[in-house]
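In what follows, every chain begins at residue 1, and chains take the letters A, B, ... in the order their sequences are listed. Atom set for the values below is all heavy atoms of this structure, side chains included, hydrogens, waters and symmetry mates excluded.
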Amino acid sequence: MNVTFKLLRFDPERDAKPHWESYQVEMEPTDRVLDGLEAIKGRLDGTLGFRRSCAHGICGSDAMLINGRNRLACKVLVKNLEQPIAIEPMRGFKVVKDFMVDLTPFFAKYRSVKPFLIESGPPPEKERLQSPKDRERFDDTTKCILCGACTTSCPSFWSNPDYAGPAAIVQAHRFLFDSRDAGKKERLAVLNTQDGVWRCRTVFNCVQACPRGINVTRAIGEVKLALLRGKA
Amino acid sequence: MTHTFDAVIVGAGGAGLMAALQATRGQSPAGTVPKVAVLSKLYPTRSHTGTAQGGIGAALGNSEEDRWEWHMFDTVKGGDYLGDQDAIEIMCREAVDTVYELEHMGLPFSRTPDGKIAQRPFGGHTREFGKAAVRRACYAADRTGHMILQTLYQQCIKQGVTFFDEFHVVDLLLDGGAVRGVAAVEIATGDLHTFAAKAVLFATGGCGRMFKITSNALTLTGDGMGVVYRRGIPLQDMEFFQFHPTGIYKMGILITEGARGEGGILRNNSGERFMERYAPNLKDLAPRDMVSRAMHTEIRQGRGIGGKDYLHLDLTHLDPQVIHDKLPDITDFVETYLGIDPVKAPIPVQPTAHYAMGGIPTNADGEVVIDERRTPLPGLYAAGECACVSVHGGNRLGTNSLVDIIVFGRRSGKALGEYVKRSAPAGLPADPEGQTRERLKRLREGRGPERVSSIREALQAEMTDKASVFRTAGELQKMLEVLTGLKARYEKAALQDRGSRFNMELLEAFELGCLLDLAQVTVTCALNRQESRGAHCREDFPKRDDANWFKHTLAWKRGDRVEIGYKPVVVTRFQPQERKY
Ligand SMILES: Cc1cc2nc3c(=O)[nH]c(=O)nc-3n(C[C@H](O)[C@H](O)[C@H](O)COP(=O)(O)OP(=O)(O)OC[C@H]3O[C@@H](n4cnc5c(N)ncnc54)[C@H](O)[C@@H]3O)c2cc1C
Ligand code: SF4
Ligand code: FES
């Protein structure tokens, strides 16, 4: 089938401001949007810039705004989209070229929540035990691939770029609710600041945006509750 | 721009991150922790280790009795006896402790009812030297690799490891045969950087993108192998490339062997469980090379589904709860890409190019060894899929790559850390990036009629057609001719992107250059090896031939040609036997 794409192009090296360009490619209905971008780059315009790697929704490289919603280009099929397929970069980070944004602040927020296990003492010789129920407690947030789709769909983040944002809170949740972690106090302190978890206004955009099906708003809610109670 | 470090690690997948953790471990007195930089063309969490699904093998014996000796035997036999048994022994012994180490780092493994690390059956994993299947694959649902990658990256942050994200390494710097560092393109600016270092470790992953149907990421273009090969270092056993039985039809996306581990069955057009005919004992859980060949045979004999080139992976008889709990991600893939609910309908699958058993030859400390006598090149290391220790021999057992990257990532990181402490700083050669600057300039300024993407597509289609599961001298010979043509076209490729910032087209051109070289090595070695062993199956030489071919292949670049040499296989405990399952 013939598919029309409308891409918001911007190369700060050459363009004064972003502009739309249209492209047409022959595709199978079951092809991914990413296949379309690859075809455009390969056959029509080699200057097109986007990140991608795994091509099946696991590496988190290719989140972008597709027909008005943040999604991974490799995880949406062209047959499920209205044409022309309009693509823009994620909102809220500086665009460095076409659909590539500067992720430095995103990873800085990630680092700020101490995204690593903090141990209470030396580990046993074998594995630490953890019941399936305790493991289940934080299962949802272990799925995060740091794609940025949630944070860049969040109105609170747009209006306040210093807000930690849903992705960082999801990462904090993954440790706060892990029975093996002893860093709860330090992490909760980070999230209890002005730009921490309280900026969340429960808009639910993040839940819609998450390609891993993580219930981001629920995770944020659980962190808020933990703060109110003083413990996770 | 020039940076100076004690050591540079190229690649931030499981192998690179594990090596970085070891090399910068701070137990030594302050000030003596080596200064290490990790360079990666992708953000570390985008690395392909994150896509590994099924599990990591280790004889923990959490669900039933298991021993590392059995794991060792399975690895030796699974590799059709080509693996070096001294290295395999190290791997299977150390697997146990490294899995515990991962748990200690916080890896969220799935758990048994009594809270231990959960384990499941996998292809070729057996108890008592082949008697029956055993539960050895430690897993975190079907996202074990994701959890490993995340956990290691988290630990690197905790430990303060220095990263250069989106730096694409394009050359290894040597001076009179001694390691001096690497040259890399900073993707954001297009600037060429020199990293001066006493030691370099390559952990750049696989090269599956030389094939059309593959489970490998678009970025798995064998850069590390390509770079060292061009610098005169040999590659080992490149004719051995694994085709995984269950790739999603036409797309190649992997459905983990864990799906068969949980009870999934392969069926042909009449619904027959055909693996019963090929491997009466292990059936669907026979090693990958055997299952892939059986599938090709079924398809060739007209028993593909609807006469087409695919078969069915049937999970419909499994408890939906098992599918939901243990295989959530593959359920999601199948729903997203095929619109199929695996609880209700079988999944169309075909073999998919998956894993390079070959690579940069190393010893068990990750030191790159450059000849038939295993002479190390001081300061040069490799680990993970780009390396060949060789533990996988002619065919890798499922879950053994994750073991490999963790065990040998750790060992090589440790060796590298010690090496830089005892060796003196080394100066750079004159004009260190000269050669690279020339190469990139040629690529950037090419004015010919050819496009990188069309050459790449042709390469992939031809390789899948002529050099995959079944091979013959005739087809391989033709493939070499095709490659000569493609290389000539590559010389005439022109880029449309002439900018410097984020010029992905330029880097893709560089990657294609690596793939073309590696395809040439793969095909030359495949043509040379006149026997069938593991994943390398020659229809014109259908038997394994230990009298003539019980040896590793080494391949050197000599101008446009590939020169071949050999190196003996290390046998310690298990003498070669016929391989039956
Ligand atoms: C879909 C899939 C499922 C799998 N499942 C399993 C499984 O269940 N069990 C198992 O044992 N194995 C599995 N494997 C195999 C295993 O995942 C890989 O072999 C292994 O993860 C490779 O790890 P690595 O660290 O060597 O490389 P990778 O994780 O691929 O990392 C390579 C790194 O090198 C960097 N790099 C590459 N080129 C350059 C360059 N030029 N400059 C700078 N950086 C560069 C990349 O950015 C990346 O950081 C699976 C593989 C696939 C494809
Ligand atoms: S929570 Fe979901 S949307 Fe947000 S970064 Fe993680 S995977 Fe992406
Ligand atoms: S390319 Fe990896 S998530 Fe889309």
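Of all the listed residues (E457(B), M147(B), H48(B), E101(B)), the one sharing the greatest number of non-hydrogen pairs under 4.5 Å with chain A is M147(B). Counting heavy-atom pairs closer than 4.5 Å to chain B, the top-ranked of the candidates P132(A), C59(A), S53(A), C54(A) is S53(A). With respect to chain B, the highest number of heavy-atom pairs below 4.5 Å among E119(A), M100(A), R135(A) belongs to R135(A). Among E125(A), K126(A), K114(A), R14(A), the residue with the largest count of heavy-atom pairs under 4.5 Å with chain B is K126(A). If you tally non-hydrogen atom pairs under 4.5 Å between each of E136(A), R174(A), R32(A), Q130(A) and chain B, the highest count goes to Q130(A). Of all the listed residues (P124(A), G57(A), S131(A)), the one sharing the greatest number of non-hydrogen pairs under 4.5 Å with chain B is P124(A). The most heavy-atom pairs under 4.5 Å with chain A, out of R456(B), M504(B), E103(B), come from E103(B). Across S61(A), G49(A), C147(A), G213(A), the residue that shares the most heavy-atom pairs under 4.5 angstrom with chain B is S61(A).
At a 4.5 Å heavy-atom cutoff, D97(B) makes no contact with chain A through either its backbone or its side chain. Heavy atoms closer than 4.5 Å to chain B are found in both the backbone and the side chain of R128(A). For a residue to count as touching a neighbouring chain, one of its non-hydrogen atoms must lie under 4.5 Å from one of that chain's; by this rule F109(B) touches chain A with the backbone only. Contact annotation for L44(A): only backbone heavy atoms (N, CA, C, O) come within less than 4.5 Å of a heavy atom of chain B. For M105(B), the part sitting under 4.5 Å from any heavy atom of chain A is the backbone (N, CA, C, O) and nothing else. Residue contact with chain B, scored on non-hydrogen atoms closer than 4.5 Å, involves the side chain of L77(A) exclusively. Neither the backbone nor the side chain of R498(B) comes within contact range of chain A; no heavy atom of the residue lies under 4.5 Å from a heavy atom of that chain. I117(B) touches chain A through backbone and side chain together, each having a heavy atom under 4.5 Å away. Proximity to chain A (any heavy atom under 4.5 Å) is restricted, for R143(B), to the side chain, taken from C-beta onward. Interface remark: P108(B) contributes backbone and side-chain atoms alike to the contact with chain A (heavy atom separation under 4.5 Å). Residue contact with chain A, scored on non-hydrogen atoms closer than 4.5 Å, involves the backbone and the side chain of S500(B) alike. For a residue to count as touching a neighbouring chain, one of its non-hydrogen atoms must lie under 4.5 Å from one of that chain's; by this rule I145(A) touches chain B with backbone and side chain alike. With a threshold of 4.5 angstrom between heavy atoms, L107(B) approaches chain A through N, CA, C or O but not through any side-chain atom. When heavy atoms are compared at a cutoff of 4.5 Å, H146(B) approaches chain A solely by way of its side chain, counted from C-beta outward.
Using a 4.0 Å cut-off between charged nitrogen and carboxylate oxygen, E166(B) and R51(A) count as a salt-bridge pair. A salt bridge links R212(A) with D329(B); the closest basic N to acidic carboxylate O contact falls under 4.0 Å. A salt bridge is defined here as a Lys NZ or Arg NE, NH1 or NH2 lying under 4.0 Å from an Asp or Glu carboxylate O, and D62(A) with R46(B) fails to meet this definition. Using a 4.0 Å cut-off between charged nitrogen and carboxylate oxygen, K116(B) and E127(A) do not count as a salt-bridge pair. Here E28(A) does not pair with K250(B) in a salt bridge; the nearest charged N to carboxylate O distance is not below 4.0 Å. Under a 4.0 Å N-O distance rule, the pair K75(A)/D332(B) qualifies as a salt bridge.
Taking 4.5 Å as the limit, every side-chain heavy atom of T30(A) sits out of range of all side-chain heavy atoms of M251(B). Using a 4.5 Å cut-off on side-chain heavy atoms (C-beta onward), H104(B) and R180(A) make no contact. Taking the side chain as every heavy atom from C-beta outward, D31(A) and Y337(B) never approach each other to under 4.5 Å. Between R451(B) and R43(A) there is no side-chain heavy-atom pair separated by less than 4.5 Å. Under the 4.5 Å side-chain criterion, counting only non-hydrogen atoms from C-beta, K41(A) is in contact with E508(B). Within the 4.5 Å cutoff, the side chain of L146(A) has heavy atoms near those of the Q150(B) side chain. A 4.5 Å side-chain heavy-atom check between L218(B) and E38(A) finds at least one atom pair inside the cut-off. Contact check for T219(B) versus R52(A): side-chain heavy atoms found under the 4.5 Å cut-off.
R501(B) and D11(A) get closest at one heavy-atom pair: NH1-OD1, 3.6 Å.
Under 3.5 Å, the side chains of T47(A) and E505(B) contain no donor-acceptor pair of N or O atoms.
The stretch residues 144-156 of chain B participates, sequence neighbours left out, in no salt bridge (charged side-chain N to carboxylate O under 4.0 Å, His left out) pair at all.
Rounded to the nearest 0.5 Å, atoms CZ (R111(B)) and CG (L129(A)) are 7.0 Å apart.
Ring orientation note: the planes of F333(B) and H56(A) are nearly perpendicular, at an angle over 60° on the 30°/60° scale.
Taking the centre of each ring, F116(A) and Y153(B) stay at or above the 6.0 Å mark.
When atom types are taken as modelled, the side chain of R111(A) and the backbone of I157(B) share no donor-acceptor pair closer than 3.5 angstrom.
Residue K212(B) places its NZ atom among 12 or fewer non-hydrogen atoms of other residues, nucleotides or ligands, all under 6.0 Å distant. For K94(A), the NZ atom counts as loosely surrounded, since its 6.0 Å shell holds 12 or fewer non-hydrogen atoms of other residues, nucleotides or ligands.
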